[in-house]
Amino acid sequence: MADDSDGMLSWDESVFRDEHVFEIDYVPEAFRHRESQLQTLQYALRPAVRGNRPLNAIVRGPPGTGKTTAIQKLFGELGGQPGVRPVRVNCQVDGTRYGVFSRVFQSIFDYEPPSSGVSFKKLFGQVADRLVDEEEVLVVALDDVNYLFYENEASDTLYSLLRAHETHPGAKVGVVLVSSDTDLDVVEALDGRVQSVFRPEEAYFPVYDREEVADILGERVRVGFRDGALPMSVLDRVAEQTAEAGDLRVGIDMLRRAGLHAESRASETVEVEDVEAVSERARNHRLTRDIEALSDVERALLETVAEHDGGRAGDVYDAFAERTDLGYTRYTELVNKLDRLDLIDARYESLEGRGRSRTLTLAHDAEAVERRL
Ligand SMILES: Nc1ncnc2c1ncn2[C@@H]1O[C@H](COP(=O)(O)OP(=O)(O)OP(=O)(O)O)[C@@H](O)[C@H]1O
């Protein structure tokens, strides 16, 4: 134990070998337990390498099961192939058709189009013309596509992508949809005009079981921690809690926080007590992420629900309307979105003599939500 005079590890002492491997933008070298899913996607995308339109695909599975990582790995490989332009769009950030095409435009032209003042048609035309001129096959992954559905933008976006060849003969576009909303039937939720041209291959990403979690996290520990800094017994505890949560991010976040906690008590090894100390925060990792991604009005609505937990939708609207000038229809859309994100529960209840009304309750502990708002 490196116990210096003030009970802290000195700045250059650390339990970590490479702390970056626990950060959100890290793409792991080893990507195990997803062989069959990768095979399905490779099969769908292979024609692009030969200059042909790939098969479209859907990637489904709960959060933290490796969907984005699979796309990053495959698109990294595809990017090295001549004549293929893979673009991954995060629909949580770019949640409109215009936003999606801006991202594609940016990848092709290396600069961002203006956020307004250019019509969608023009933006689309420039993208499609360039693909035809350069004989490039465009492969777009719409990551977290469920957000496009929440904003009612999914069908229009897909329609434009999938029918690009009709307006611009020779344009070759393939689409991979990635959804983490397991209640959403992506194909069913699309307009008929899109369904008729969208017959995707499917890759399902199930939750990792405990052994798989332990194997994946063990590899992360090997790369990220110093030898012997995180013993097996501690890894087991983290794997157990991660498997329970079903989201691998919980485990990665727990490892990092436990490491920092060990350092804060000047220990060169991470102990089970460090895991226990950070476990609650790490388990709420998803909640933090989902709340961070909300827009100002969505956040205001969540706050209003927190203040009127269990209240009737109409009453919550009255309080919400005092903060914003949004109408009831938009309010209902926002309620549905928060419900889909599992931040609130919007349930119909029968009220005596007054038909059915919805009540809105927080889906998480009120204090945990308020702390993040
Ligand atoms: N098989 C694996 N091997 C190594 N790391 C993995 C594996 N699967 C997932 N991860 C890691 O787990 C974290 C979450 O993975 P990823 O972002 O790919 O999940 P996701 O299914 O796309 O989640 P979401 O639906 O919430 O976007 C990432 O840090 C990723 O590096």
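Quick note: numbers below take in every heavy atom, side chains included, and nothing from hydrogens, waters or symmetry partners. Residue numbers start at 1 and run along the sequence shown. We count ligands from 1, going down the list as the structure has it; atoms in each ligand are counted the same way.
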Contacts of His33 that satisfy side chain to side chain donor-acceptor pair (under 3.5 Å) - sequence neighbours left out:
Asp215

Does Ser155 have any side-chain contact (heavy atoms from CB on, under 4.5 Å) partners at least two apart in sequence or in another chain, and if so, which?
Leu190, Asp191, Arg193, Val194

Around ligand 1, what residues show up once you keep those with a heavy atom under 4.0 Å from it?
Tyr26, Pro28, Ala30, Phe31, Arg32, Pro62, Pro63, Gly64, Thr65, Gly66, Lys67, Thr68, Thr69, Asp144, Ser180, Tyr208, Ile216, Arg220, Leu248, Arg249, Ile252, Arg289

Are the side chains of Asp143 and Val89 in touch, meaning some heavy atoms are under 4.5 Å apart?
no

Once the angle between the rings of His168 and Phe124 is folded into 0 to 90°, is it parallel (under 30°), tilted (30 to 60°) or perpendicular (over 60°)?
perpendicular

Could I get the full list of side-chain contact (heavy atoms from CB on, under 4.5 Å) partners for Lys337, not counting sequence neighbours?
Tyr147, Tyr150, Glu151, Glu298, Leu341

Taking the side chain as every heavy atom from C-beta outward, state whether Phe105 and Val127 have any pair of such atoms under 4.5 Å apart.
yes

